[in-house]
Every structure is written in C-alpha cells, then in structure tokens.
**Student:** 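Okay, handing you the structure first.
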2 protein chains.
Amino acid sequence: MSESEAYLQIGEVAERTGVTQRTLRFYEEKGLLKPPSRMDGGFRLYSEDDVKRVKQIRRLQDLLGISLADIKDMVDAGEILRELKAQYRPEAGIAEKKRQLERAIEVVHAQYAIVKQKTEQMAEMKAQLEERLKTFERWRKELEQLDEKAAVALS
Amino acid sequence: MSESEAYLQIGEVAERTGVTQRTLRFYEEKGLLKPPSRMDGGFRLYSEDDVKRVKQIRRLQDLLGISLADIKDMVDAGEILRELKAQYRPEAGIAEKKRQLERAIEVVHAQYAIVKQKTEQMAEMKAQLEERLKTFERWRKELEQLDEKAAVALS
DNA sequence: GGCGGACTTAACCCCTACGTCAAGGTTATA
DNA sequence: TATAACCTTGACGTAGGGGTTAAGTCCGCC
C-alpha cells in the first residue's frame with residue numbers, strides 16, 4: 001500500500017487487460033473490483049493488483065463460463081489468502097485464520113472440480129471432432145475421384 | 001421425413017433435453033431450430049433429430065461458451081453433412097456438394113481449434129489449482145501445529 | 001358429448017453482462 | 001488559453017434466456 005506505486009488510469013488498465021472501460025466500471029459496480037482511488041478531478045486510479053484481478057476474472061469467465069457472482073466468491077477467497085500470506089503475525093487470532101483458510105480451500109476445491117469435469121468433457125469432444133474430420137476428408141477424396149471420372153467421361 | 005415417426009410435444013422435448021419450453025421457442029425464434037410441424041390446434045411437434053440438435057447446442061454452449069450465432073453456423077454445417085450423407089445420389093451436382101463439404105470441414109476445423117486451445121488452457125489451470133491446494137494444505141497443517149502448542153501453553 | 005385436468009400458446013417484464021451513445025468535466029500539450 | 005485526448009455519470013440497447021399469466025387446446029373418462 002505504499003504511496004509511490006505507479007497508478008494507472010482506466011484506459012491503460014483496459015488496454016492491458018483487454019476489457020473495455022465500461023467493463024471495469026461494471027465490475028466495480030458489482031463488487032468484483034474494489035472502488036479504486038481517484039485523482040482530484042475524479043479520474044479512477046488503479047493499481048497493478050487490480051490489473052491482476054481483472055485478468056483472473058477473465059480467465060475464470062472464459063475457461064469455466066461461470067457467473068460473475070460465482071467468480072466474485074473465488075477471487076474474494078484468493079484475496080483472503082493473499083492477506084493471510086501478507087500478515088503472517090498471529091495477531092488476528094488463529095481460529096479466525098483457520099476458518100478463512102478452510103473456506104478458501106473449499107472454494108479452490110470447487111473450482112478444481114469444475115475444471116476437472118470440463119477437461120474431461122473437452123477431451124471427449126476433441127476426440128469426436130478428430131474422428132469427424134477424418135470422415136470428412138475421406139468423403140472429400142471420394143468426391144474428387146468422382147469428379148475426375150466425370151471429367152474423363154466428358155472429354 | 002416419413003409420416004410414421006414418433007413426434008414429440010414441447011414438454012417432452014424439454015424434459016429429455018434439460019432445457020425449458022421457453023428456451024425451445026427461443027431457439028426456434030432465433031433460427032437455431034427449424035420451425036417444427038404443428039398439430040391442428042397449433043401445438044408444436046418435434047422429431048428425434050430436433051432433440052439431438054438441442055443437445056448439441058447445449059454442449060457447444062456449456063463447453064465452449066460461444067454465441068448462439070456461432071453455434072448456429074456449426075449445427076448448420078452438421079446438418080448439411082447429414083443431408084450429404086442421406087442423399088447419396090449425385091443428382092444435386094458434385095460441385096455443389098464439394099463446396100458444402102469444404103465449408104463444413106472449415107467449420108469443424110474452427111471448432112477443433114477452439115476446443116484444442118481451451119483444452120490446453122484448462123490443463124494449465126488445473127495444474128495451478130493443484131499446486132495451490134498443496135500450498136494451502138501445508139498452511140493448514142502449520143496452523144494446526146500452532147494451535148496445539150497454544151492449547152498446551154494454556155493447560 | 002361434455003367435463004376436468006394437463007398441456008400449450010403468445011405476451012409481457014425481469015435478469016446478467018456488458019455495448020453504445022450523449023453531454024459534459026479534466027488533463028496534457030502547444 | 002485553446003484544444004485534443006481522456007475521463008465522468010447516466011440512460012438506453014442487446015443477447016440469451018427465466019418467470020409468470022391469461023387464454024386456448026387436447027385427451028381420457030363418465
């Protein structure tokens with residue numbers, strides 16, 4: 001949280017993450033991004049952590065296709081872990097930390113289950129597509145042979 | 001297209017495909033399903049092919065997370081192929097068939113590329129999650145050891 | 001042949017995850 | 001200080017549906 005970090009305006013964050021400015025404001029509105037600091041004139045100022053978070057959100061969206069509400073749970077759990085990691089002094093109470101950690105583990109487990117299932121389905125689909133392609137190529141060759149014969153018949 | 005096929009009403013199709021009746025009408029509206037035949041009273045009558053098509057649409061949606069417009073292209077290509085398969089007489093013109101087949105191959109290639117890319121990204125994500133889980137479990141054990149020591153200190 | 005319950009119809013608004021202007025304020029550069 | 005480039009909030013639009021409802025249809029049973 002040092003004051004000397006390089007802050008980014010919304011346009012640069014948009015460019016670096018591949019999402020639109022509208023999307024960044026939308027994520028903020030929905031609680032997926034914490035409200036960033038502002039310049040005097042009201043312009044949003046993001047941190048590098050915000051950039052990482054946006055990228056994480058997009059990966060979860062693209063790969064798992066889950067709702068933003070679910071993604072919020074996941075990235076929140078990730079945030080908790082980063083906090084646990086950062087403040088390694090036990091002043092917050094061990095029991096409290098343990099609960100947070102177990103909650104986070106639960107979330108990661110759920111995420112893992114989704115990824116595993118999708119991976120399997122994907123592999124199945126990939127195999128089917130490969131088979132399909134082979135069939136089609138064979139047909140194409142058959143058609144080409146028919147075509148050649150027709151050309152010969154016409155000559 | 002025989003008249004003796006077992007036709008299904010929308011409710012049964014909904015049940016067998018796992019989508020709502022509303023969704024079936026929506027797909028029809030968007031051109032993903034061809035308008036089914038109707039009973040005298042106006043009730044929709046679906047075929048087994050329609051059921052297959054709906055299942056295919058859902059799989060593409062769930063696994064690839066692509067738009068209905070893209071899905072329409074893909075299932076249309078599949079449809080063309082089924083037609084090619086069915087009418088194996090060359091009356092439609094070989095050149096025409098060849099174009100259709102090549103178009104279909106193109107679409108399947110595109111689909112395959114998406115699946116392949118997603119498969120790779122998914123594998124990467126899975127590995128990351130596994131590593132994460134290991135880290136967390138280690139932390140949990142550390143916390144538990146701290147907890148035991150605290151209990152001993154209090155006794 | 002007529003009744004009741006299950007089924008279907010189109011129509012309407014609600015939801016998510018943004019896209020797309022519009023009208024105006026801010027910052028940087030000349 | 002002017003002007004381009006960037007940003008602000010707000011409002012409306014779109015895709016892909018979900019929920020609900022009033023009204024019409026089908027079908028077995030008496």
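Chain A is the first sequence line, chain B the second, and so forth, proteins listed ahead of strands; every chain is numbered from 1.
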**Student:** Please check if the side chain of A:K126 supplies one atom and the backbone of B:Y112 the other of a donor-acceptor pair under 3.5 Å.
**Tutor:**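 The answer is no, because no donor-acceptor pair under 3.5 Å joins these two groups.
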
**Student:** Could you tell me whether the side chain of A:L60 reaches within less than 4.5 Å of the side chain of A:M74, counting heavy atoms only?
**Tutor:**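 SC-SC contact between A:M74 and A:L60 confirmed.
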
**Student:** Taking B:E48 first and then B:R16, would you say they form a salt bridge - that is, a charged N and a carboxylate O separated by under 4.0 Å?
**Tutor:**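 Yes.
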
**Student:** Is the side chain of B:D50 donor-acceptor paired with the backbone N or O of B:S47 at a distance under 3.5 Å, no angle test?
**Tutor:**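 Indeed, once roles are kept as given, a pair shorter than 3.5 Å links the two residues.
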
**Student:** How many Å lie between CD1 on B:I10 and C1' on C:dA10, as a whole number?
**Tutor:**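 To the nearest whole Å, that distance equals 12 Å.
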
**Student:** Which residues in residues 21-31 of chain B have at least one heavy atom lying under 4.0 Å from any atom of DNA chain D?
**Tutor:**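 Under 4.0 Å from DNA chain D: B:R22, B:T23, B:F26, B:Y27.
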
**Student:** If only atom types and distance count, is the side chain of A:K118 paired as donor or acceptor with the main-chain N or O of B:M122 below 3.5 Å?
**Tutor:**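 Side chain of A:K118 to backbone of B:M122: no pair is present.
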
**Student:** Would you list the protein and nucleotides 23-25 of chain D atom pairs, both N or O, that sit under 3.5 Å from each other?
**Tutor:**
none

**Student:** Which is more 5' along DNA chain C, the nucleotide nearest A:R58 or the one nearest B:G11? Just name the residue.
**Tutor:**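 In this pair, the answer is B:G11.
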
**Student:** If I take atom CD1 in residue A:I57 and atom P in nucleotide C:dA17, what distance separates them, rounded to the nearest angstrom?
**Tutor:**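 About 11 Å, once rounded to whole Å.
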
**Student:** Given atom CG of A:L45 and atom P of D:dC6, what is their separation to the nearest angstrom?
**Tutor:**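 Rounding to the nearest Å, CG of A:L45 and P of D:dC6 are 16 Å apart.
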
**Student:** Would you call B:E28 and B:K34 a side-chain contact if the rule is heavy atoms closer than 4.5 Å?
**Tutor:**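 No, side chains not in contact.
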
**Student:** Measuring to OP1 and OP2 of C:dT16, would you say a side-chain N or O of A:S67 lies under 4.0 angstrom away?
**Tutor:**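 It does not, given that no N or O in the side chain of A:S67 lies less than 4.0 Å from OP1 or OP2 of C:dT16.
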
**Student:** Mark yes or no for whether B:R53, through its side chain, and B:L32, through its backbone, hold a donor-acceptor pair below 3.5 Å.
**Tutor:**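 Yes: the side chain of B:R53 pairs with the backbone of B:L32.
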
**Student:** Side chains of B:S37 and B:L45: does their closest heavy-atom pair fall under 4.5 Å?
**Tutor:**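 They are in contact (side-chain heavy atoms under 4.5 Å apart), so the answer is yes.
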
**Student:** Does B:V19 offer a backbone N or O that forms a donor-acceptor pair with the side chain of B:T23 under 3.5 Å?
**Tutor:**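 No, the answer is negative, given that no donor and acceptor are paired below the 3.5 Å cut-off.
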
**Student:** Grab the CD-P distance between A:Q61 and C:dT16 for me, whole Å please.
**Tutor:**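 Distance, rounded to whole Å: 14 Å.
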
**Student:** Measure the distance from CZ on A:R38 to P on C:dT27 and round it to the nearest whole Å.
**Tutor:**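 So the CZ-P distance, A:R38 to C:dT27, works out to 12 Å.
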
**Student:** Which nucleotide in the list D:dG17, C:dT8, D:dC7 gets nearest to the side chain of B:L68?
**Tutor:**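 Shortest atom-to-atom distance from the side chain points to D:dG17.
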
**Student:** So which one's nearest nucleotide on DNA chain D is more toward 5', A:R44 or B:Q9?
**Tutor:**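 The residue mapped nearer the 5' terminus is A:R44.
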
